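The next block holds one structure in the form of structure tokens; read it before the comments.
Scope of the values below: all heavy atoms of this structure, side chains included, with no hydrogens, waters or symmetry mates. Since the model is a prediction, treat every value here as computed from it, not as a measurement.
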Amino acid sequence: MPTNRMAELQLRGGAGTLQCRVYWPSSSVTGPAPLLVFLTTADYGTWCQELSASADLHDAVAATEWAAENTARLGADPRHLLVGGAGPGGTLAAAVTLHARADGWPAFTRQVLICAGPVEPAPPSLAGVAAATAVTVEHDPAGDEGHYAAQLRRAGVAVDELRYAAPDPATAVRIRNCRQMLTDLGAALSTHPGDYPP
């Protein structure tokens, strides 16, 4: 998604300060845009979209709740809040979605899981969590190769899955980091009106 401005933020986390970054869409997007809270870890820092934070679960929850409370300040649409991440950040995003279901807030429109690692411990039921867009790559050393997406589907959760074949872990990492995967993901998200700006 093209951006035209960015701001650095600091939020209070459980163990200190969370370094966050906000990207706003280009001026071609009119009106309040959906907000994607994209959780990252140090080795996935280039993946941030709307708000990113290096965090454990407590800090990830704090960041997403702050975003939900501040959609007006960010110029975002409060009706369309997404949470996502790549690799370990994707695992955090799935856990935050489960936390939100348990608390009844924030009301996520969608979770975006890019090569997320295993979600453990798996809850007895995943019914009622936000719909998901999941990217899975065979033999990805950081991902679970689609096991969590399959669990979501079995629980009746709507899942769009982008699956990529790879013969080995090195190829899987190249696919995960390539621009084409991001292009494919953007196209997949754009098929859900309101979830993501065109």
Side-chain angles (χ1 to χ4, degrees), residues 1-42 44-114 116 119 123 126-134 148 152 157-158 185-186 189-190 192-198:
M1 178 178 64
T3 61
N4 64 353
R5 64 187 178 105
M6 179 270 288
E8 301 281 353
L9 297 177
Q10 291 186 337
L11 303 180
R12 183 180 301 167
T17 301
L18 299 178
Q19 300 296 327
C20 306
R21 185 174 292 165
V22 181
Y23 291 91
W24 283 270
S26 67
S27 56
S28 64
V29 177
T30 59
L35 178 66
L36 170 60
V37 180
F38 200 86
L39 304 167
T40 70
T41 57
Y44 279 77
T46 59
W47 291 93
C48 78
Q49 293 285 336
E50 296 297 325
L51 176 70
S52 63
S54 178
D56 61 10
L57 178 58
H58 181 274
D59 289 342
V61 168
T64 55
E65 290 182 346
W66 181 91
E69 291 170 354
N70 288 274
T71 51
R73 176 181 174 187
L74 297 171
D77 187 342
R79 299 167 301 173
H80 299 292
L81 179 65
L82 295 79
V83 63
T91 306
L92 270 178
V96 168
T97 306
L98 290 166
H99 187 278
R101 180 193 63 173
D103 282 6
W105 189 83
F108 292 114
T109 309
R110 182 165 295 274
Q111 51 185 317
V112 182
L113 311 176
I114 303 172
V119 177
L126 295 171
V129 301
T133 296
Y148 189 64
L152 289 170
V157 177
L185 178 59
L189 289 171
S190 69
H192 299 280
D195 279 3
Y196 195 76

Discussion item. Would the distance check show the side chain of N70 and the main-chain N or O of R73 forming a donor-acceptor pair, the cut-off being under 3.5 Å?
Written reply: no

Response to the item:
Closest heavy-atom pair, L81 versus P106, reported as atoms and distance to 0.1 Å, is CD2-CB, 3.7 Å

Fill in: Heavy-atom closest contact (L35 atom, A76 atom, distance)
CB-CB, 3.7 Å

Worksheet, complete the sentence: Shortest non-hydrogen pair, T71 vs P78, comes out as OG1-CB, 3.4 Å

Worksheet entry | Polar side-chain atom of Q111 near backbone of G84 as donor-acceptor pair, under 3.5 Å | no

Worksheet item: Between T64 and V61, what is the shortest heavy-atom contact and its length?
Response: OG1-O, 2.9 Å

Item to complete: Calculate, to the nearest 0.5 Å, the distance between atoms CH2 and CG belonging to W24 and L74 respectively.
Response: 6.0 Å

Discussion item. Any side-chain to backbone donor/acceptor pair from W105 onto E65? Under 3.5 Å, distance only.
Written reply: no

Worksheet item: In chain order, what residues pass the side chain to side chain donor-acceptor pair (under 3.5 Å) check against T133, with sequence neighbours excluded?
Response: R110

Worksheet item: What pair of heavy atoms forms the shortest contact from L82 to P34, and how long is it?
Response: CD1-CB, 4.1 Å

Discussion item. Contact between Y148 and L113 at the side-chain level, heavy atoms closer than 4.5 Å - yes or no?
Written reply: yes

Worksheet item: Going through the checks in order, is the side chain to side chain contact (heavy atoms under 4.5 Å, CB included) test met by L36 and V83?
Response: CA-CA 5 Å; L36 170 60; V83 63; 5.7 Å; no

Worksheet item: When rounded to the nearest 0.5 angstrom, what is the spacing between CG in L57 and CG in L39?
Response: 9.5 Å

Ignoring hydrogens and angles, write down the donor-acceptor pairs under 3.5 Å from the side chains of residues 92-104, residues two or more places apart or on other chains.
| from | atom 1 | to | atom 2 | distance (Å) |
| --- | --- | --- | --- | --- |
| T97 | OG1 | A93 | O | 2.8 |
| R101 | NH1 | S125 | O | 2.8 |
| R101 | NH1 | A127 | O | 2.9 |
| R101 | NH2 | S125 | O | 3.1 |

